[in-house]
Amino acid sequence: MSEVAARAVPQGEIADEPIAIEHGMTAEEYASVCEILGRQPTVTEIGMYSVMWSEHCSYKSSRVHLKTLPVEGEAVLQGPGENAGAVDLGDGIAGVFKVESHNHPSYIEPYQGAATGVGGILRDIITMGARPLALLDSLRFGELDSGKNRHLLDGVVGGIAGYGNCMGIPTVGGEICFDPSYDKNPLVNAMCFGIAPADRIVKALADGIGNPVIYVGAKTGRDGIYGVSLLASATFDAEAAEKRPAVQVGDPFTEKVLMEACLEIIEKNLQVGMQDFGGAGLTCATSEMASNSGNGMEIDVALVPRRETGLSPYEVMLSESQERMMLVTTPEKISEVMEIFEKWDLDAVVIGKVTDDGLLRVLDDGVMVAEVPAHSLAEEGPCYSRPYTIADTPAPLNGADVPCEVAPAEVLQTLLRDPNIASKRWVFQQYDQTVRYNTVQRAGGEAAVIWLKEAGSDAAVAMSLDGNPWYSGLDARRGAQLAVAEACRNVACTGARPLGITNCLNFGSPEIEERMGQFAAAVEGMGEACRVLGVPVTGGNVSFYNETVETPILPTPVVGAVGKLDRYDASVRSGFAAAGNTVWMVGAFATSDAGLGGSAYVRNFHDRQIGAPPELDLELEARLQNFLVAAAAEGLMASAKDCSDGGFAVALAEACFAAADAARTDSAQASAPASSLPGMLGANVEIPACEHGVHAALFGEAASRVLVSARGEHATALAALAVRHDVPIAAIGEVTAAAQLTVDVAGETVLGEDVQELYATWSGALAHAMEND
Amino acid sequence: MRGQVVVRLKQEVLDPQGVTIAKALDNLGYEGVGSLRQGKVFDVELATSDPAVARTALESMAKDLLANPVIEDYEIHLLEDGSGNGEEGNG
Amino acid sequence: MRGQVVVRLKQEVLDPQGVTIAKALDNLGYEGVGSLRQGKVFDVELATSDPAVARTALESMAKDLLANPVIEDYEIHLLEDGSGNGEEGNG
Amino acid sequence: MRVGVVYYPGSNCEQDAVHACHMVGLDTELVWHKRESVDGCDAIILAGGFSYGDHLRCGALAQFSPVMKQVERFAADGHPILGICNGFQILVEMGLLPGALLANDGLKFRCQDTRMMVERTDSPFTNACAEGQILCLNMAHYAGNYFADEATLADIEANAQVVMRFCGPNGERGAEHNPNGSINDIAALRNPAGNVLGLMPHPERTLTSELGSADGLLMFESLRDALTASASAEVAASPEPAEAEAVEAEPVGTSADV
Ligand SMILES: Nc1ncnc2c1ncn2[C@@H]1O[C@H](COP(=O)(O)OP(=O)(O)O)[C@@H](O)[C@H]1O
Ligand SMILES: [Mg+2]
C-alpha cells in the first residue's frame with residue numbers, strides 16, 4: 001500500500017461509485033478496482049476498467065462454462081485465448097480461423113454494421129500473422145414479409161459484400177435463417193479463415209523493455225465510445241456526447257492496405273507482437289499486449305492521430321474506430337517497419353514503449369492521466385457463476401401428433417419456396433467468391449472448399465458454418481450437438497477430415513435464469529459432441545443480450561468447422577454427377593425418430609414449435625464422418641449431400657439442382673426461368689415405409705443421413721466400406737437423365753415431379769421474396 | 001416544380017471516400033485542400049407547383065428513404081424560385 | 001473558403017440508381033415524383049480566401065478528377081459569400 | 001518474355017494474373033504503381049481489384065499513379081496492354097479506351113460465370129481462340145456496365161473494336177445473357193490499334209476445370225504466342241539491338257504476324 005501511495009497519482013477527475021455504475025459496473029466491481037489501485041480511480045481509468053471488464057471483453061458470465069469445452073487435439077496449434085485459433089494443415093501450414101458476431105450494430109445500420117463486422121474478424125486473422133483466404137457468414141432475420149426485415153437483409157448482405165469484395169477475400173459460404181424471434185435482434189456472424197507458416201504464428205506480445213509501440217492505420221474519432229450515460233458527469237459536456245456517432249463507417253480500402261503492410265512486416269519478421277484494436281480499442285490492445293508478456297506499457301495519447309479535434313484522453317482510450325492496429329517492434333527494426341507503412345501510405349506513429357513495471361501508464365502530452373496494472377485490466381475481470389435453470393427435455397414428436405392432409409408434392413413445393421430452404425443465390429451472388437483463385441467449391445454446396453495454392457500446396461480446406469435455431473429452441477443441449485454434427489458432416493461430405501471448430505454463441509440475457517440455462521446446456525452439449533467427434537474448439541465468441549423486452553431470440557449456437565483435404569482437385573460435390581449412378585442412403589436412416597420436432601415441414605404446416613429435435617447418436621455420427629472421408633479418399637463417391645432442413649425429399653431435389661447450378665452460367669437474373677438448363681438430372685428412388693407416415697419419411701429431419709451417389713462399378717466397394725465402418729447403407733435408386741424426380745415409399749409412388757419446375761420454385765424464391773414490395 | 005435533397009455524412013462520421021479523394025488531390029499537386037467530404041444530391045421533379053407542398057414532400061422523402069438518419073444529415077432546396085439556395089433540414 | 005462541386009450524370013446517360021429510388025418512392029406512396037436523378041456533391045475546404053482563385057482551383061479539380069466528362073457534368077459553387085447559389089460549369 | 005503486372009493500393013488480383021502468366025510460361029514482374037518505369041516489360045497487365053477503394057469512380061484515382069505515364073507511352077508504342085476488371089475501368093478512365101463503365105443494371109455486385117463470344121481473333125489476347133468461340137469466364141464486379149454515346153459506339157463498331165460480346169450457351173444474344181447491362185453486349189473492347197484490350201470478366205480466374213472453366217487460359221496463351229511471334233519477327237528483321245527497337249514500336253501480335 002505504501003508503495004502505491006508513494007507513486008504519482010494520475011491527473012483527472014476522480015470517479016466515485018455512481019460514475020462506475022453509470023459505466024455499467026457493479027458496486028462490487030468498483031470496489032475491486034479501488035482495491036487493485038489502492039485509491040479511487042480517475043474517470044479515464046474507470047472507463048478503461050468498464051470496457052475491459054464488460055461482458056463483451058471479459059466473458060464474465062460465460063467463462064466458467066466455456067472452460068469445459070475440449071480445446072486440445074493433435075491438430076491444434078493455437079487454442080482459445082489469442083485473437084483466433086489455429087490448426088495444423090501439414091506441410092508447415094497453419095489454418096487460422098474464428099467467427100465473430102456484429103449483431104447490434106447491424107440492426108441500427110445494416111450495411112455499415114455488417115461491413116465493420118467483417119472488418120473486425122479479418123483483423124483478428126491478420127493479427128495472427130495469417131493471410132485471410134476466405135470469409136463465411138451466418139445470418140438470422142425476422143421473416144421477409146416485413147419491409148424492415150427485407151431492408152435489413154439487403155443492407156447486411158450489401159455490407160458484407162462491400163467490405164469482403166474490396167478486401168479481395170472471397171466470401172464462400174454461410175447460412176441464413178428467418179424466424180420471427182429475430183425481428184428486433186437480427187444476427188450477423190462472420191467467420192474468417194487464413195493461413196500462416198505454422199512456426200511463425202504471431203501473438204499479441206509486448207516483449208523487450210524499451211521496445212517502441214506503434215499505432216498504425218485509420219485516425220481515431222469518437223466512434224463507439226461506451227458509457228454514454230456518463231455524460232451526466234461534469235467532465236464531459238453534452239456537445240461532445242452528440243458528436244459520438246452511434247454507428248461506424250467501414251473503410252475496407254484502409255484495411256486492405258493495412259493488411260498488406262502488416263503481412264509484409266510479418267513476412268520480414270520485423271515485429272515483436274501485434275494486436276488489433278477490437279472492442280475497447282487502445283485500452284484493450286495496450287493492456288492485453290503488456291499483460292501477455294508480463295510487462296507494462298507507457299503511451300502518450302497526444303501522439304495518437306485523430307480525425308477530429310478536442311478528443312479527451314478518455315475518448316482516445318475508449319474509441320473503437322476501425323481499421324487500426326498496434327505493433328511492437330525493436331529499435332533496430334523500426335525504420336524498416338516505418339518504411340513499409342510509408343510505402344502503403346499509412347499513418348504510423350510511435351506512441352509509447354514497453355516498460356518493466358507491469359503498469360499501463362497513459363500520458364496526455366506528458367501528463368499522466370491513468371496508471372493501472374495491465375494484468376488487472378486484461379486478466380482480473382470478474383467471473384460469475386450466474387444462476388440458471390435448464391428447461392425439461394421435450395418428448396419426441398410422432399407422426400400422429402401432426403397429421404397432414406396436404407399432398408407430398410405440395411409440401412415439397414412449399415418447402416422449396418420457404419426462404420429458409422430456398423437457394424441463397426440472391427445473397428451469395430453479391431459476394432466475390434473467386435478472387436485469389438483458390439475457390440474450388442463456392443457457396444451452394446455442402447461446404448466451401450479452398451485450395452491452399454498460395455502456400456504452394458495441393459491440399460485444400462473445407463469449411464461450413466451451421467446452427468439450426470429451431471432445434472436449439474426446443475432443446476439447447478441437443479441443438480448445439482446437432483450444430484457441431486452438421487457443420488462437421490458438411491465438411492466430411494466433401495471428403496475433408498474435420499480438424500477443429502470455432503463457434504459463435506448468440507443468446508439472450510445471461511441475467512435471466514432461463515436464458516443462462518440455455519447457454520449452459522448448449523455449451524455442455526457442444527463440448528460433448530466435440531469430444532465424441534474428435535474436433536476440438538479452437539476459439540469463438542459469445543454474444544449475450546440479444547433480446548428486446550418482448551422476445552428473446554431463439555438460442556443460436558453457430559458452429560464453424562474446418563477440415564482438410566489432401567488434394568484440392570479431389571473434393572466431392574453435393575450435386576448428382578451423371579445419369580446411371582446409383583443413389584445410396586448412408587447413416588442413421590433406420591432410427592425410430594423421424595426428426596419431426598423443429599423440422600421445416602412442421603413449422604410450415606403446423607405452425608408450431610413442439611417436440612424434441614432429432615435424436616443424435618454421436619458415435620454413429622463419428623463413424624459416418626469417418627466413412628465419408630474414407631470413401632472420398634478411395635474415390636468411391638460421385639456426390640454426397642447431407643439431409644438437413646426439409647429432410648430427405650429436399651436433399652434429393654437439391655442434389656438434382658446442384659448439378660444444374662454448376663452448369664448455370666448464363667442467366668442474368670437469379671429468378672430467371674429455369675427452362676432448358678443444361679445438366680439438369682433427375683432421380684428415381686424407393687425408400688422403406690416409416691412408422692410415422694409418408695410425410696415423416698419424406699420431410700422428417702432425422703440426423704446423420706447422407707445421400708451419396710456413386711458409379712455402378714463402385715457399388716461393392718462402397719457397401720463394403722460402410723460395413724467396415726459399421727455405418728448402415730442402402731442402395732435406393734438411380735440418377736436419371738430425365739429431369740424427373742420420382743419417389744416410391746414402400747412400393748407406392750408419392751412424388752413424381754418435374755425437376756425443372758421444382759428448380760424454378762427453389763431458385764427464384766428468395767429473389768422473389770426480396771422484390772415483394 | 002424541381003427540388004433537391006442534399007445528403008451528407010454527419011460531420012463526426014468517417015468519410016473514407018472524402019479522405020481518399022483529398023489525398024489524391026494532394027498527390028496531384030492541389031495544395032490548399034484542407035478537407036473534402038463527399039455527399040449525394042437528389043434532383044427531384046415534382047408534380048406540384050406549391051412550394052410548401054413540395055417542401056413537405058421532399059422533407060418526408062428525405063426522412064423515409066434518401067437519408068439514413070443514423071449517419072447522415074440532409075438539406076432541402078427548392079429550385080423553381082431560381083435562387084438555388086435553401087434551408088437546412090434536421091441538422 | 002468553402003466551395004462545392006456538384007457532379008451529375010449527363011441527361012442522356014441512364015441513371016439506374018435514380019430510377020430505382022423513384023420506384024421505391026412510388027411504392028412508398030409518393031405520387032407526384034416525375035423523375036429523380038442522383039448526383040454527387042463534394043464539399044471542399046480551401047486555403048485561399050480569394051473567390052477567383054478558389055473558383056479556378058475547383059474548376060480544375062472538377063475537370064481533372066471529380067467529374068468524368070464522358071458521362072458527367074459539373075457545377076461549381078462558392079459558399080463563403082453566403083448566397084449558396086452558384087454558376088454552371090461546363091454542361 | 002516478361003509481363004509487367006501493375007498494381008495499386010487496393011488491387012487484389014495481381015497475384016492471380018501472375019499465376020496465370022506462369023501457367024503459360026510467361027515471366028512476370030510485379031510493378032508497384034509508384035514506379036516510374038516499365039523497362040524490360042514486353043506486355044503489361046493492369047490487375048483487377050479496388051484501386052483506391054474504388055472511391056470517386058472505379059479506376060478514376062489510379063490513372064494518376066506515377067507509373068501510368070509509362071503505361072501511356074507503352075500503349076502509344078504499340079505494346080500489348082490488358083486491363084482486367086478494375087484494370088479495364090482504369091483504361092477507360094484514362095481514355096486509352098473509349099466510353100465509361102457504369103453501375104451494373106441490377107445495382108448489385110455480381111459474381112458468376114458468364115459466357116461471351118469471341119468476335120476478333122486478330123488480337124494479341126485472342127489469337128489462340130477460334131472466331132465465334134464461346135468462352136465461359138468468371139466475373140465479379142459492381143461497375144461493369146459498359147456505356148458509350150451513339151457516335152462513339154458507331155466508331156467502336158466500325159473499327160471492329162469489340163473483341164467479345166456476352167451471349168447465351170448457343171451464342172444467342174439478349175438481355176437475359178447480358179449480366180451487367182453493357183451496351184451492345186460488349187464484353188471485351190480494344191483500342192483502334194488493337195494493342196490495348198479491356199474486359200470486365202476475369203480470364204485469370206478461369207484457368208482449370210477443377211475450379212470451373214479453363215477458358216481464360218486461352219487469353220494468356222494468346223499473349224504468349226503473340227509475344228513469341230513478335231520476338232522472332234524482331235530477330236528476323238534485325239539482329240542489331242539498335243534497329244530492334246524500331247521494330248518493337250510496331251503493333252505486335254496481329255494475325256498477319258502469326
Ligand atoms: N449467408 C450466406 N452466405 C454465403 N453463402 C450462403 C449463405 N447462406 C447460405 N449459403 C450457401 O448456400 C448453401 C446452402 O446453405 P444451407 O441451406 O444452410 O445448406 P445446408 O443445409 O446444406 O447447410 C451453402 O453452400 C451455403 O454456403
Ligand atoms: Mg445449414
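Since we're looking at a predicted model, the values are computed, not measured. Here is how names work: the chains are called A, B, and so on, in the same order as the sequence lines, proteins then strands, and each is numbered from 1.
- Residue Lys10(C): no heavy atom, backbone or side chain, is found under 4.5 Å from chain D.
- Annotation for Ala100(D) and Asn68(C): closest pair CB-ND2, 4.2 Å, computed over non-hydrogen atoms.
- Within a 6.0 Å radius of NZ in Lys34(D), more than 12 heavy atoms belonging to other residues, nucleotides or ligands are found.
- For chain D, the option among Leu66(C), Thr20(C), Leu9(C) with the highest count of heavy-atom pairs below 4.5 Å is Leu66(C).
- Atom CZ of Phe64(D) and atom CG of Asp64(C) lie 6.0 Å apart (nearest 0.5 Å).
- Shown here for Leu56(D) and Phe42(C), the closest heavy-atom pair between the two residues is CD1-CZ, 3.3 Å.
- Residue-environment remark: CZ (Arg73(D)) stays at or below the threshold of 12 foreign heavy atoms within 6.0 Å.
- Counting heavy atoms of neighbouring residues, nucleotides and ligands inside a 6.0 Å radius, atom CD of Glu150(D) does not exceed 12 of them.
- Using a 4.5 Å cut-off on side-chain heavy atoms (C-beta onward), Asp149(D) and Ile71(C) make no contact.
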